[in-house]
2 protein chains.
Amino acid sequence: MHSPSEENYLKALFALEYDGARPVNTNLLAARLKTKASSVTDMARKLQQKKLVHYRKYRGMRLTAGGRKVALDVLRKHRLWETFLVQKLNYRWDEVHEIAEQLEHVRHKDLIDRLDAFLGFPATDPHGDPIPDRRGVLRMPDSCPITVCRPGDRIRIVGLRDSSDELLRFLDRKTLRIGDTLTIRAIDDYDRSVRLTGEDKDITLSALAAGKILVEKL
Amino acid sequence: MHSPSEENYLKALFALEYDGARPVNTNLLAARLKTKASSVTDMARKLQQKKLVHYRKYRGMRLTAGGRKVALDVLRKHRLWETFLVQKLNYRWDEVHEIAEQLEHVRHKDLIDRLDAFLGFPATDPHGDPIPDRRGVLRMPDSCPITVCRPGDRIRIVGLRDSSDELLRFLDRKTLRIGDTLTIRAIDDYDRSVRLTGEDKDITLSALAAGKILVEKL
DNA sequence: CAAAAATGTTAGGCTTGTCTAAAAAAACAC
DNA sequence: GTGTTTTTTTAGACAAGCCTAACATTTTTG
Ligand SMILES: [Mn+2]
Ligand SMILES: [Mn+2]
Ligand SMILES: [Mn+2]
Ligand SMILES: [Mn+2]
């Protein structure tokens with residue numbers, strides 16, 4: 001079907017398009033995949049032949065409907081395996097990405113649907129990212145960064161703008177987790193830093209950090 | 001470290017040595033891996049360079065201590081993943097081999113030890129094969145084929161001579177499983193076929209089938 | 001033990017995925 | 001709009017892993 005490498009390219013392509021890059025530039029994809037532009041060009045031609053992307057020389061790539069479906073299948077696998085690793089094997093949320101990066105390429109008829117059932121059909125992965133369903137439908141999160149909240153708002157943390165290990169460990173140090181319920185106490189006029197309180201916490205976040213944390217208003 | 005292909009060669013080498021082939025012939029390994037003799041020769045040279053096998057032209061291969069350890073690690077992973085697939089994802093025992101063939105190559109510091117703990121440190125896989133411990137120690141099974149039993153013996157099925165899908169499905173049809181306790185009723189003088197009874201079964205096995213089933217006497 | 005058969009190795013080629021360096025095209029700047 | 005800078009593609013190379021066909025060695029056999 002598709003090689004691990006092809007799957008990685010398609011998943012990266014999906015992520016970049018999701019973030020608004022349309023079409024996706026050669027160098028952008030190269031940076032994301034830590035590879036060289038020339039390798040990306042080679043893969044672009046191969047994926048185009050397989051009708052997984054639209055590609056015109058010097059004009060970048062876009063996923064076709066078929067390529068998008070493959071990308072969503074890989075994303076589903078990635079996020080379900082991450083959920084397994086955290087919920088069942090007690091990994092920390094900053095340790096699972098690289099393992100899932102390998103597990104997402106394991107291929108078998110209904111392995112992933114059985115894993116989904118075993119995990120109780122989770123809606124999101126350990127980082128708060130929505131898990132595509134088996135048809136490839138991705139729930140659009142109804143959330144906003146903390147930076148757009150007002151003092152007095154009651155909020156719940158539902159996701160992150162990115163899941164870099166640095167951000168994840170930062171949140172661990174602040175004892176903030178997906179699902180936490182908090183109240184915005186104040187936003188400082190000088191540096192837009194945010195003071196929040198929860199159960200038994202009183203936390204101050206820089207505007208930089210607050211901008212990475214996605215919440216829903218309660 | 002080692003590529004999936006190298007790991008597959010080492011695991012196959014271990015299995016063939018375990019069955020008594022020492023040294024292992026090029027063609028034997030080629031048949032086992034469904035590849036060509038010339039590919040095996042190529043890999044022999046590479047594994048020798050990595051000091052994972054001893055190899056002399058025209059004389060076959062033998063695992064070194066290092067190669068044996070790698071093979072046992074892969075075997076451990078294979079059997080633990082098989083156990084996971086059967087116990088947690090409800091796969092049948094004849095479906096899990098090919099999936100484990102992929103999962104065994106996933107590499108991460110203590111993934112397999114965590115999986116081991118999650119499964120409750122199983123001693124054997126779904127086919128009754130012993131699971132090497134983390135140091136690479138493989139418990140030697142104390143079992144014999146049904147064919148060497150005598151009428152009147154009380155036995156427990158503990159393993160199989162091979163785990164081919166055909167044998168596994170044959171045993172399913174006969175409602176025989178690992179762990180079943182049975183009594184040998186008779187061995188026919190004409191064709192050495194065996195009649196056994198258990199809980200609520202009365203089964204006749206050909207000598208061919210009986211020779212594949214490993215039991216311990218109670 | 002010499003010829004024949006079986007087994008194993010080498011030579012050369014293919015594919016996938018990667019890279020560097022050179023060339024081409026596009027975008028930017030004045 | 002022309003020249004410069006940036007981006008992208010092409011050309012050519014390489015490693016891994018596999019293949020076929022030709023050749024070499026070992027084993028078997030009469
Ligand atoms: Mn991956
Ligand atoms: Mn995630
Ligand atoms: Mn394998
Ligand atoms: Mn097994």
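Chain A is the first sequence line, chain B the second, and so forth, proteins listed ahead of strands; every chain is numbered from 1.
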Legend entry - Earlier contact from the 5' end, DNA chain C, for B:D42 and A:K34: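 It is B:D42, whose closest nucleotide lies nearer the 5' terminus.
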
Legend entry - Ring geometry between B:Y91 and A:H108 (parallel below 30°, tilted from 30 to 60°, perpendicular above 60°):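 Plane angle over 60°, so perpendicular.
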
Nearest listed nucleotide, side chain of [X], among [options]:
X	options	answer
B:K36	D:dT8, D:dC19, D:dA16	D:dC19
A:T35	C:dT18, C:dT9, D:dT10	C:dT18
B:S39	D:dC18, C:dG8, D:dT9	D:dC18
B:K57	D:dT8, C:dT18, C:dT9	C:dT9

Between [atom2] of [N] and [atom1] of [X], the distance in whole Å:
X	N	atom1	atom2	result
B:M43	D:dA15	CE	C1'	13 Å
A:N27	C:dA25	CG	P	18 Å
B:L33	D:dG17	CG	P	13 Å
B:M61	C:dG8	CE	C1'	11 Å
A:R56	D:dT7	CZ	C1'	16 Å
A:L28	D:dT7	CG	C1'	12 Å
A:R59	C:dA25	CZ	P	12 Å
B:Q49	D:dA15	CD	P	12 Å

Legend entry - Straight-line distance of B:L214 CG to B:H127 NE2, nearest 0.5 Å: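 Between B:L214 CG and B:H127 NE2, I get 13.5 Å after rounding to 0.5 Å.
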
Does [N] have OP1 or OP2 under 4.0 Å away from a side-chain N or O of [X]?
X	N	answer
B:Y9	D:dC18	yes
B:S3	D:dG17	yes
B:Y55	C:dT9	yes

Using a 4.0 Å heavy-atom cut-off, does [X] contact any base of the nucleic acid, only the sugar-phosphate backbone, or nothing at all?
X	result
B:S5	sugar-phosphate
B:S38	base
B:N25	sugar-phosphate

For [X] against [Y], the heavy-atom pair lying closest together:
X	Y	answer
B:D180	B:T175	OD2-O, 3.5 Å
A:H2	A:V70	NE2-CG2, 3.8 Å
B:R79	B:P126	O-CD, 4.5 Å

